Structure formats: structure tokens, C-alpha cells
Amino acid sequence: MQNYNLTHLEQLESEAIFILRETAAQFERPGLLFSGGKDSIVMAHLAAKAFSPAKIPFPFVHVDTGHNFPETIAFRDSFVKKTGVQLIVGYVQGSIDKGTAVEETGPNASRNALQSVTLLETIEKESLDACLGGGRRDEEKARAKERFFSHRDAFGQWDPKNQRPELWNLFNGRKSQGENFRIFPLSNWTEMDVWQYAKIENIELPNLYFTHEREVVDRNGSLLAVSEFVTPRDNESPKKETVRFRTIGDATCTGAVLSTASNLDEVIAEVAASRVTERGARADDRRSEAAMEDRKKQGYF
Amino acid sequence: MTDQNNYLDMDLLRFTTAGSVDDGKSTLIGRLFHDTKAIFEDQLEAIERSSKQRGDEHINLALLTDGLRAEREQGITIDVAYRYFATPKRKFIIADTPGHIQYTRNMVTGASTANLALILVDARNGVVEQTRRHTFIADLLGIKHVAVCINKMDLVDYDEKAYEKVLRQYTDFASRLENVTDLTFIPISALKGDNVVDRSENMQWYKGPPLLYHLENVYVGSDSNHVDARFPVQWVIRPHSDEHHDFRGFSGRVAGGVFKLGDKVTILPSGFSTKISKILKGETEIEEAYHPQSVTILLEDEIDVSRGDMIVKPNNQPKVEQDLDAFICWFSGNKKLSKGSKFIFRHTTKEAQAIVSDIRYKVDVNSLRKMEDVETFDMNDIGRVSLRISQPIFHDTYRRNRNTGSFILVDPFTNETLAAGMLR
């Protein structure tokens with residue numbers, strides 16, 4: 001008899017496609033949260049596969065902090081053009097101008113937490129009843145207990161102590177008026193799985209993920225790229241380094257790592273040898289032990 | 001194939017663990033993670049910092065899985081935590097479930113997707129209530145492979161007799177199991193590392209492999225049902241474009257068996273038969289599809305097919321019934337089940353309504369005794385009921401196929417998932 005075994009990547013792919021189709025089937029107006037980072041790119045690639053040869057049956061949603069790497073926006077726009085999906089952008093600046101979000105002040109001010117406000121406003125404005133996110137359970141300990149179908153109440157809040165149990169392949173997306181869901185098709189993927197899958201599927205990724213020279217400052221152990229949003233302070237001396245990014249988020253809090261990895265094979269080798277998690281370089285998670293949990297309860301991705 | 005590319009050949013093992021604070025479960029997982037480099041320096045530093053703050057003597061590895069604030073404050077685990085590690089041979093997904101509150105609900109959830117259950121027994125105490133409970137649930141949920149780790153062997157001087165005593169106790173009790181076909185015993189010390197990753201020097205009398213070797217090599221490929229072809233339709237693809245004007249594809253995940261190009265198939269409930277004209281995986285045409293692949297099937301004839309329908313083979317059809325006999329695990333603390341209760345019934349890609357027509361018995365998960373003459377199910381109760389469904393359900397017994405034999409019950413008012421069920 002033939003060997004009917006799937007590799008781990010084939011199993012993860014099949015599971016993610018199942019979740020994406022289930023989302024389309026169970027919800028009226030889902031959206032795919034697309035940040036231009038590798039996880040959302042892989043998720044978008046899986047969505048294209050799930051519904052081929054039809055177009056992806058839901059819009060992409062980007063919550064724009066205004067503190068972007070220009071490469072990210074360029075990549076986002078060309079990706080959207082190529083796939084022909086609708087792009088909805090929610091601007092954090094818009095929330096600040098309206099007065100629904102207040103800019104942080106102080107030395108480590110960031111717009112990261114404000115994204116939750118803009119996301120919830122976008123969900124309401126666009127009447128989205130489910131948002132697909134690229135979050136993975138291996139990223140952070142509060143995510144380890146996240147469901148594939150994560151229920152949010154009418155205030156967008158996550159209640160980690162009262163989650164619906166998820167059994168087999170049976171996902172319960174039923175909800176009352178005003179409630180919605182966050183859905184994470186990549187829940188069971190690790191950082192390594194994402195890189196390996198990008199490699200075997202030949203997925204194009206922004207060049208920020210590969211080695212390049214860049215002016216950075218060392219701030220609390222994170223190498224932050226010098227830009228219009230991050231200016232060196234008096235006690236900091238910017239240096240040119242050979243770096244790449246392991247995750248891409250808001251430019252004010254995404255740290256680079258020293259690296260010479262110029263292609264996916266080299267990145268995979270580097271990740272395999274790495275002794276620090278990818279979020280180790282993210283200042284937003286370092287604020288406190290439960291930083292991620294607190295943000296998620298308030299409606300974060 | 002070079003080392004770098006071995007991931008092209010890796011497979012996946014999902015296993016579940018359960019246990020209380022002091023049976024060494026966290027220590028064991030911590031050791032597996034540490035020795036396979038799944039713990040990173042920043043995680044280790046963060047755990048060390050919190051352990052010190054809490055005044056723990058040793059580094060408390062539970063802090064790795066217990067990320068929620070309430071868990072850290074109370075030193076408990078609230079929910080199933082999913083953890084990941086990999087060796088060059090396999091990727092592992094651990095569903096790590098707490099041993100105390102809501103134990104049944106969490107264990108059942110963790111076991112529902114697992115291929116293997118890892119059960120820890122303290123060599124000093126032998127088989128206890130919790131061992132039996134966990135084993136019973138693993139068996140009920142159809143797990144075929146059980147690895148019993150007899151832990152803390154260092155505290156019984158690595159004595160073979162202590163190991164054999166536990167083995168006898170466990171084997172006695174395991175003779176009543178229905179589904180477990182592979183039972184493996186490994187004497188270990190999670191704390192000292194004996195027989196976890198490397199063979200122990202201290203137990204020359206043990207001839208079997210260490211735990212990690214067993215986890216890497218246990219064969220789970222034949223656990224899936226590759227005989228009864230079942231394809232619950234999840235989503236219909238209709239591109240509405242000029243290029244694909246007449247395209248109608250039926251998407252879903254193969255729930256059992258193998259579908260090949262040209263196969264004659266029958267659609268349920270309509271009963272119409274036709275042939276498979278194309279199978280797509282993404283954009284790629286493939287020759288055959290099997291569990292658990294997500295694919296799109298195209299049919300030769302234009303037949304009305306929609307979500308909730310099932311594509312099967314004419315000579316091998318599932319049961320089509322409205323009255324179902326099931327084992328259920330009741331999860332809800334807010335609501336009870338009783339005769340006449342009505343629920344939303346979710347099975348494969350189908351949703352219907354269910355009414356409880358009879359409560360047959362409950363099982364005491366500690367003694368495994370049947371309790372008859374019961375009127376209600378409360379949180380964590382397990383037992384057998386009869387259900388009447390609003391429409392015919394295409395199903396197999398859970399024993400024969402986990403995907404077409406499982407269902408959940410949902411509260412029509414609060415939308416809460418109330419129970420998990422397995423068809424008999």
C-alpha cells in the first residue's frame with residue numbers, strides 16, 4: 001500500500017487552509033489583517049491557495065501606525081495589486097486626530113498599543129465580523145492559550161479564562177450581535193515553520209528580512225533603525241551595522257539583529273542556531289511580564 | 001539530503017500530557033525543550049527572573065507555559081497550553097493540560113487532536129486516581145498510543161522492582177481499554193535526565209529506548225482511516241470570471257479514505273452519482289487526495305452540491321441516521337444537560353438541531369463504574385446519551401473515524417460550546 005503520510009509543513013498548510021475556508025463559510029464579512037510582515041504574507045499566500053482559482057473572498061485590512069518602514073508599504077501595495085483584493089487601511093493618526101487615541105509621551109513612546117483602538121474602529125466602520133491574524137502560539141506565552149477561533153465581546157475584549165474549548169476540526173464561530181472573532185490559521189506554526197514554508201513555496205518577502213547595511217542605535221538592548229521616527233538621543237551614538245529583521249512591526253519598537261543572512265536558506269540556518277526568540281528584539285513585549293496579555297484583552301491582534 | 005534540508009522530510013506528532021503540579025510534568029517538558037533547544041535564552045532569563053521574584057528555589061518551568069497573569073499569581077494552569085518543539089526527525093505539538101480544575105474539559109480538548117498520550121506516574125506512589133482518569137479519557141478519545149513514563153526513578157534507587165510494580169498495576173487496569181493498541185513503559189527521572197533524551201547509565205536493566213527516541217519513532221501513519229472515503233464539502237468555489245466561467249469546485253478536507261481522479265462518487269444527501277474530473281491542491285492538479293489534505297474536487301456532471309453535503313464512494317457509504325447513540329463529555333458549568341434539552345449540533349461541516357431523547361448512564365471517571373438512573377449532566381460529566389437530530393447525519397462510529405464520528409453541542413442562546421460527543 002502506498003504511503004499516505006504528510007510532512008509537517010503539508011499538515012500545517014492543510015490545517016491553515018481548512019481554517020481559512022471555515023472562516024469564509026461561517027462569517028459574513030471577514031477581513032485578513034495584513035501588515036506586510038512575513039506571517040501575514042504567508043497567511044495571504046495560503047488564502048490565495050485556499051480559494052484558487054477564485055479571488056480571495058475577503059478584503060485585506062492594514063492598521064497603519066504611520067511609523068512604517070517605507071519598504072513595508074511598497075511591498076503591501078504591490079502585493080495587493082498582484083492579488084487583486086480590496087485593501088482597507090485604518091490610520092492610527094486618524095484615531096489620534098479624532099481624539100479616540102492619545103499619543104504616548106515619554107522616552108519610549110510608541111504607537112503600538114494605539115493600534116488596538118484603530119483596529120476596533122476599523123472593525124466597526126467596516127462591519128467586519130471576523131479578522132484573520134497571523135499570530136502564532138509559539139510567539140509569546142499569552143498566545144500559547146489562544147484559540148484558532150478566538151471570541152471577542154462587543155467591546156473587542158478577549159477573556160482568556162472563558163474561552164470556548166476547541167475539539168477536533170469543529171470550530172464554533174457562532175456569535176451574538178456586535179461580537180466578533182479573531183481567527184489565527186497559523187496557530188500551530190513556529191517561526192521556523194514559516195521560514196521553511198516560505199522557502200519551499202518560493203514566497204517573496206520584503207528585503208528587510210535579509211541582510212543589509214543600516215544605521216542603528218542600541219536602545220535597551222534593541223537595535224532600532226534610525227529614521228524620522230527614531231532619532232538618536234544624546235547618550236546614543238548611531239552606528240552602521242550589517243543587520244536584518246526577524247519580525248517587522250512598528251519602526252519605533254522593532255529591533256534588528258546583526259546578520260549576514262542574504263537568502264532563505266541562510267535565514268533558516270541562522271534561526272536554527274539562534275538562542276533568542278524572534279520577539280526577544282521587540283521592545284513592546286518587554287514592557288512587563290504580561291504586556292501581551294494586557295494588550296490582547298484590550299483588543300490587540 | 002543535507003542537514004539543512006531535512007525539514008522537507010519531517011513529519012508531525014501531536015501528543016497530550018496531563019498532570020498536577022508535583023508529578024514532574026513541567027520538569028519533563030522543560031527537559032525535552034532544553035535538550036532539543038526549544039527554550040531560548042531570553043525565555044530562560046525571563047523565567048529565572050520570575051522564579052526568583054516568587055521565591056522559588058528552582059527555576060519554575062511551569063512559568064514557560066503559564067503565561068496568563070492569573071496563572072502566575074495563583075501558581076495554577078488555567079487552560080490547555082500548546083507547546084512546540086522539533087528534532088531533525090519530527091515536529092511535536094504538545095497539548096499540555098492542567099490536572100485540577102476543569103480537568104476533564106481540558107484533557108478531552110487536548111486529547112481530541114492527539115496521536116499519543118504521555119502519562120506520568122510517580123514511581124513512589126504508583127497508579128493513582130489521576131493516572132486512571134487520564135488513561136480513560138485518552139482511550140475514550142481514541143488515542144492508540146500511550147507512553148507511560150514511570151518518573152522519579154532516582155528516588156527509588158533506580159530499582160527495577162519499583163518499575164515492575166507500577167507496570168503490573170497499570171497493565172491490570174489497562175486491560176479494560178478499548179482503543180489503546182500501543183502501550184509503552186519507560187522508567188525515567190525527568191529531574192536527572194535519565195532515559196529522557198539519552199539512555200540512562202543508572203538503569204542497565206531497561207532495554208527499551210529513551211522517551212525522545214520513542215516519540216521520534218513511534219509510527220502513527222496507520223492511525224488515520226485510509227479505507228472509507230469521506231469528503232465533507234466545506235466551501236463551493238465559483239470564480240465568476242470569464243477565464244473560469246464554468247468552474248465549480250468543491251473544497252474541503254478529506255475526512256477519510258482516498259479519492260482518485262476518475263473515481264465514481266456519490267453525493268449525500270441527494271444520492272446522485274458522478275465521477276471526479278479533477279482534484280486541485282491550490283492551483284496544482286493532483287492525482288489523488290487523502291486524509292488530512294485540504295483540496296478542491298471537481299465533478300464530471302453538474303450536480304447541486306453545497307456546504308454540509310458529503311462526497312463518498314457508492315460502494316462504501318456512511319450511516320445516514322437521525323437517531324444517534326453517543327458518548328458525551330459535558331463542559332459547561334452554567335448549564336446542565338437533561339432529557340429534552342435542545343442544542344445546536346455541529347458535525348463535520350454540517351449544522352443541525354439536536355434534542356436529548358434519553359440519558360442512558362454516566363461513568364465515574366475514577367472507578368470507571370457506570371451510574372444509571374441519572375437525570376442530568378454537570379460540568380466534567382462523561383456518559384452515554386441518545387440524541388434526535390433535525391435532519392439525517394452522515395456519520396461513522398468514532399472508533400472507525402474520528403472526523404466523521406465526532407460532534408459538539410452548542411448553546412442556541414449563549415453560543416457557548418457545551419459538550420463534545422463521540423458517536424457509537
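This is a predicted model, so every value here is computed, not measured. The chains referred to below are lettered A, B, ... by the order of the sequence lines, with proteins before strands, and numbering in each begins at 1.
Contact annotation for B:Leu13: neither backbone nor side-chain heavy atoms come within less than 4.5 Å of a heavy atom of chain A. With a 4.5 angstrom heavy-atom cutoff, B:Ile344 touches chain A only via side-chain atoms. Neither the backbone nor the side chain of B:Thr284 comes within contact range of chain A; no heavy atoms are under 4.5 Å apart. Proximity to chain A (any heavy atom under 4.5 Å) is shown, for B:Val108, by both the backbone and the side chain. Contact annotation for B:Tyr219: only side-chain heavy atoms (C-beta onward) come within less than 4.5 Å of a heavy atom of chain A. Residue B:Glu243 does not touch chain A at all, counting heavy-atom pairs closer than 4.5 Å. For B:Ile237, the part lying near chain A is the side chain, with the backbone staying farther off; criterion is any non-hydrogen pair under 4.5 Å. For a residue to count as touching a neighbouring chain, one of its non-hydrogen atoms must lie under 4.5 Å from one of that chain's; by this rule A:Ala50 touches chain B with the backbone only. Interface remark: B:Glu283 contributes backbone and side-chain atoms alike to the contact with chain A (heavy atom separation under 4.5 Å). If you measure heavy-atom distances from B:Arg14 to chain A, the contacts under 4.5 Å come from the side chain alone. With a 4.5 angstrom heavy-atom cutoff, B:Arg346 touches chain A via backbone and side-chain atoms both. Of the atoms belonging to B:Ser224, not a single heavy atom falls under 4.5 Å from chain A. Using a 4.5 Å cut-off between heavy atoms, B:His240 makes no contact with chain A at all. Only the side chain of A:Ile200 comes within contact range of chain B, with heavy atoms under 4.5 Å apart.
A pairwise comparison of heavy atoms in B:Gly282 and A:Ser52 identifies O-OG, 3.8 Å as the closest pair. In plain terms, the two heavy atoms of A:Asn169 and B:Arg253 that are nearest each other are OD1-NH1, 3.2 Å.
Comparing A:Leu12, A:Asn172, A:Ile17, A:Asn5 by how many heavy-atom pairs each has under 4.5 Å with chain B, the most go to A:Asn172. For the set A:Ser176, A:Pro57, A:Pro53, A:Ala272, the count of heavy-atom pairs under 4.5 angstrom toward chain B peaks at A:Pro53. Each of B:Leu141, B:Leu418, B:Leu280, B:Val258 has some count of heavy-atom pairs under 4.5 Å with chain A, and the biggest count is that of B:Val258. Taking B:Val410, B:Val236, B:Thr348, B:Thr113 one by one and counting their heavy-atom pairs under 4.5 Å with chain A, the maximum is reached by B:Val410. Interface check for chain A: of the options B:His244, B:His347, B:Lys91, the most heavy-atom pairs under 4.5 Å are formed by B:Lys91. Per-residue heavy-atom pair counts under 4.5 Å with chain B were compared for A:Lys55, A:Lys175, A:Glu22, and the maximum is reached by A:Glu22. The candidate with the highest count of non-hydrogen atom pairs below 4.5 Å against chain A, out of B:Asn403, B:Val295, B:Thr296, B:Thr349, is B:Val295. In terms of non-hydrogen atom pairs under 4.5 Å with chain B, the most contact-rich of A:Ala48, A:Ser187, A:Ser14 is A:Ser14. Per-residue heavy-atom pair counts under 4.5 Å with chain B were compared for A:Leu9, A:Leu46, A:Asp193, and the maximum is reached by A:Asp193.
By the 30° and 60° cut-offs, the orientation of the rings of A:Phe51 relative to B:Trp235 is perpendicular. The aromatic rings of A:Trp168 and B:Tyr398 sit perpendicular, their planes meeting at an angle over 60°, well past the 30° parallel limit.
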Could you go through B:Arg307 and A:Gln26, starting from their C-alpha distance and side-chain angles, then the distance that decides it, and tell me whether this counts as side chain to side chain contact (heavy atoms under 4.5 Å, CB included)? CA-CA 11 Å; B:Arg307 176 173 165 90; A:Gln26 288 198 34; 3.9 Å; yes

Take A:Thr190 and B:Phe85, measure what side chain to side chain contact (heavy atoms under 4.5 Å, CB included) needs, and give me the verdict at the end. CA-CA 9 Å; A:Thr190 60; B:Phe85 71 100; over 6 Å; no

Apply side chain to side chain contact (heavy atoms under 4.5 Å, CB included) to the pair B:Glu351 and A:Arg174, showing each step before the final yes or no. CA-CA 11 Å; B:Glu351 188 173 286; A:Arg174 294 181 63 94; 2.8 Å; yes

I'd like to know whether B:Val254 forms a side chain to side chain contact (heavy atoms under 4.5 Å, CB included) with A:Tyr4, so could you lay out the CA-CA distance, the side-chain angles of the two residues, the decisive distance to 0.1 Å, and finally the verdict. CA-CA 12 Å; B:Val254 180; A:Tyr4 289 121; over 6 Å; no

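Counted within 6.0 Å of CD on A:Glu204, heavy atoms from surrounding residues, nucleotides or ligands total 12 or fewer; the atom is thus considered open.
Contact annotation: the side chain of A:Leu167 never approaches that of B:Ser406 to less than 4.5 Å [non-hydrogen atoms, C-beta and beyond]. In this structure, A:Lys199 and B:Leu8 have side chains that are not in contact, with every pair of non-hydrogen atoms separated by 4.5 Å or more.
Checking side-chain atoms of B:Thr109 against main-chain N and O of A:Glu166 turns up no donor-acceptor pair under 3.5 Å. Remark: the backbone N or O of A:Phe18 is paired with a side-chain donor or acceptor of B:Gln234 at under 3.5 angstrom. Panel note: side chain B:Thr417, backbone A:Arg164; no donor-acceptor pair is recorded below 3.5 Å.
For the atom pair CD of B:Glu416 and CD of A:Gln163, the computed distance is 13.0 Å after rounding to the nearest 0.5 Å. Atom CG of A:Leu170 sits about 10.0 Å away from atom CZ of B:Phe407, to the nearest 0.5 Å. We find the CD1-CZ distance between B:Ile93 and A:Arg137 to be 8.0 Å, quoted to the nearest 0.5 Å.
Screening A:Lys49, A:Glu13, A:Glu15, A:Arg21 for a side-chain contact (heavy atoms from CB on, under 4.5 Å) with B:Ser294, the sole residue that qualifies is A:Arg21.
A salt bridge does not link A:Glu10 to B:Lys281: none of the charged side-chain nitrogens sits closer than 4.0 Å to a carboxylate oxygen.
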